[in-house]
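Working notes, structure below.
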Amino acid sequence: MIIRYIILSTLLIASSNVQAFSSSNNEAFQRALLAERLNNNNAKVSSTVNPLDETFDDDEYCGFEYCWNDDTANSDPYSFVVPVLGDLHIDPRKMEDYETGREHIKRVITKAKQSIGDREDEGVAIVSLGDLGESKNCDHNEDNPFELFAGTTQCHELAADFLNSFDVPYEVIGGNHDLEGIDEFDTDSKNLRRFLQAHGKPTPQFCRQVAEKTLLVGLCSTIFRDAK
């Protein structure tokens with residue numbers, strides 16, 4: 001049996017994101033790969049889309065114009081859409097920026113849910129790569145003007161509310177900054193426990209099936225103070 005594993009970890013995805021978004025050669029390779037995969041459908045891959053151009057069409061850049069078939073997505077057990085959010089570093093003073101970004105992602109999610117139909121509970125999800133809060137004081141605690149926001153109860157509860165607002169199941173990978181609540185928690189285990197409670201997760205790691213023979217696997221950081 002062949003099973004596709006999509007393994008996510010803070011380090012693996014962070015490094016691959018940097019490479020993917022900074023290399024024009026990588027982009028060209030991805031377009032060529034996509035064209036080859038869609039060759040049987042006579043699909044054409046746009047070479048003119050520039051994500052830095054404010055006039056680009058969201059649906060085109062997100063791929064739905066040429067790589068999503070509304071007629072077959074619902075019946076195709078291998079179809080799935082999983083937006084992956086990089087390090088959020090949420091600053092509670094700047095939530096308007098995060099809400100603006102969320103609306104871009106939600107347009108992708110809405111179209112995917114409409115296309116997948118009956119399979120939306122399995123085929124559409126969202127993953128956060130952790131490092132949820134800003135690693136500095138964000139005027140969030142009047143009693144301690146030097147406390148870092150990252151890793152605090154307030155941080156994780158705010159991040160959980162934000163991730164839940166995408167209206168699809170979400171998974172989250174804890175990063176080192178998510179255990180930085182050093183003024184509130186004196187051990188990694190206590191900080192990690194609060195992280196899990198805030199996000200309603202039974203374990204730091206996760207495994208979610210998002211399509212037929214396709215598993216989404218998350219590997220989480222569990223130590224910060226005790227790291228050697």
Side-chain angles (χ1 to χ4, degrees), residues 5-14 80-92 94-95 97-99 101-110 112-113 116 118-135 138 140-141 147-211 214-226:
Y5 290 93
I6 302 174
I7 300 178
L8 302 176
S9 74
T10 305
L11 292 178
L12 287 176
I13 297 300
F80 66 92
V81 172
V82 180
V84 178
L85 305 181
D87 300 5
L88 292 174
H89 290 294
I90 290 175
D91 185 330
K94 302 177 181 179
M95 290 307 298
D97 295 338
Y98 295 92
E99 292 164 0
R102 178 189 60 197
E103 295 311 305
H104 289 289
I105 300 296
K106 288 185 72 171
R107 287 202 292 272
V108 176
I109 290 173
T110 297
K113 290 169 71 172
I116 289 179
D118 295 338
R119 291 185 48 249
E120 69 174 73
D121 290 339
E122 176 187 278
V124 184
I126 196 164
V127 172
S128 168
L129 300 183
D131 285 353
L132 300 172
E134 191 69 277
S135 184
C138 295
H140 61 283
N141 186 351
E147 180 183 56
L148 301 180
F149 182 66
T152 62
T153 295
Q154 186 178 348
C155 169
H156 289 310
E157 291 179 347
L158 179 61
D161 287 342
F162 178 72
L163 293 171
N164 271 314
S165 69
F166 287 86
D167 300 325
V168 291
Y170 81 85
E171 300 291 352
V172 60
I173 302 165
N176 60 304
H177 292 295
D178 297 315
L179 299 178
E180 268 188 343
I182 55 178
D183 290 327
E184 183 177 355
F185 308 101
D186 58 2
T187 66
D188 285 338
S189 60
K190 291 179 181 179
N191 211 158
L192 180 62
R193 190 179 306 120
R194 182 53 56 87
F195 166 83
L196 296 175
Q197 290 173 343
H199 296 282
K201 305 300 180 184
T203 65
Q205 287 73 39
F206 70 82
C207 179
R208 173 184 289 273
Q209 182 169 351
V210 292
T214 304
L215 296 177
L216 197 63
V217 179
L219 307 177
C220 178
S221 299
T222 59
I223 58 172
F224 173 66
R225 299 158 185 79
D226 300 330

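Nothing here was measured: the structure is a model prediction, and the numbers come from that model.
Annotation for Phe195 and Ile173: closest pair CZ-C, 4.4 Å, computed over non-hydrogen atoms. Annotation for Gly133 and His89: closest pair O-ND1, 3.2 Å, computed over non-hydrogen atoms. The two residues Pro204 and Leu192 come nearest to each other via the heavy atoms CG-CD2, 4.0 Å. The shortest heavy-atom contact between Glu134 and Cys138 is CB-SG, 3.7 Å. For Leu196 against Pro202, the heavy-atom pair with the smallest separation is CD1-O, 4.4 Å. Contact detail for Ala150 and Ser135: the closest heavy-atom pair is CB-CA, 4.0 Å.
Here Asp167 pairs with Lys106 under the salt bridge (charged side-chain N to carboxylate O under 4.0 Å, His left out) rule; sequence neighbours left out. For Asp91, the salt bridge (charged side-chain N to carboxylate O under 4.0 Å, His left out) partners two or more places apart in sequence, or in a different chain, are Arg93. Listed by chain and residue number, Asp186 satisfy the salt bridge (charged side-chain N to carboxylate O under 4.0 Å, His left out) test with Lys190 (two or more places apart in sequence, or in another chain). Applying the side-chain contact (heavy atoms from CB on, under 4.5 Å) test to Asn141 and every residue at least two apart in sequence or in another chain returns Asp143, Asn144, Glu147. Take Thr153 and apply the side-chain hydrogen bond (donor to acceptor under 3.5 Å, both in side chains) test, not counting sequence neighbours, and it matches Glu184, Arg194. Applying the salt bridge (charged side-chain N to carboxylate O under 4.0 Å, His left out) rule to Glu180 yields no partners; only residues at least two apart in sequence or on another chain are considered. Remark: Asp97 engages Lys94 in a side-chain contact (heavy atoms from CB on, under 4.5 Å) (not counting sequence neighbours). For Ile105, the side-chain contact (heavy atoms from CB on, under 4.5 Å) criterion is met by Pro83, Leu85, Ile109, Ile126, Phe166, not counting sequence neighbours. For the side-chain hydrogen bond (donor to acceptor under 3.5 Å, both in side chains) test, residues two or more places apart in sequence or in another chain that qualify with Arg225 are Asp188, Asn191. Partners of Asn164 according to the side-chain hydrogen bond (donor to acceptor under 3.5 Å, both in side chains) rule, which considers only residues two or more places apart in sequence or in another chain, do not exist here. Applying the side-chain hydrogen bond (donor to acceptor under 3.5 Å, both in side chains) rule to Tyr170 yields the partners His199; only residues at least two apart in sequence or on another chain are considered.
Taken from CG in Leu219 to SG in Cys207, the straight-line distance is 10.5 Å, to the nearest 0.5 Å. Remark: Asp161 CG to Met95 CE distance equals 8.5 Å, nearest 0.5 Å. Note: Glu171 CD to Arg208 CZ = 4.5 Å, rounded to the nearest 0.5 Å. Once rounded to the nearest 0.5 Å, the distance linking OG of Ser128 with CD1 of Ile90 reads 8.0 Å.
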(message) Show, in sequence, the C-alpha distance, side-chain angles and deciding distance for Val82 and Val124, and conclude whether the side-chain contact (heavy atoms from CB on, under 4.5 Å) test is met.
(response) CA-CA 6 Å; Val82 180; Val124 184; over 6 Å; no

(request) Under the side-chain contact (heavy atoms from CB on, under 4.5 Å) rule, what do Phe80 and Leu216 come out as? Steps first, then yes or no, please. (result) CA-CA 11 Å; Phe80 66 92; Leu216 197 63; over 6 Å; no

(message) Run the side-chain contact (heavy atoms from CB on, under 4.5 Å) test on Leu88 and Leu163 for me, step by step, so that the C-alpha distance in whole Å, both residues' side-chain angles and the decisive distance to 0.1 Å come before the verdict.
(response) CA-CA 10 Å; Leu88 292 174; Leu163 293 171; 4.2 Å; yes

(message) side-chain contact (heavy atoms from CB on, under 4.5 Å), that's the test. Do Phe185 and Leu179 meet it? Break it down for me.
(response) CA-CA 9 Å; Phe185 308 101; Leu179 299 178; over 6 Å; no

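Formation of a donor-acceptor pair under 3.5 Å by the Thr110 side chain with backbone atoms of Arg107 is not found in this model. Formation of a donor-acceptor pair under 3.5 Å by the His156 side chain with backbone atoms of Asp178 is found in this model. The backbone N or O of His177 sits less than 3.5 Å from a side-chain atom of Asp131, completing a donor-acceptor pair.
Inter-residue side-chain proximity for Phe162 and Leu132 is flagged as unmet; no heavy-atom pair is nearer than 4.5 Å.
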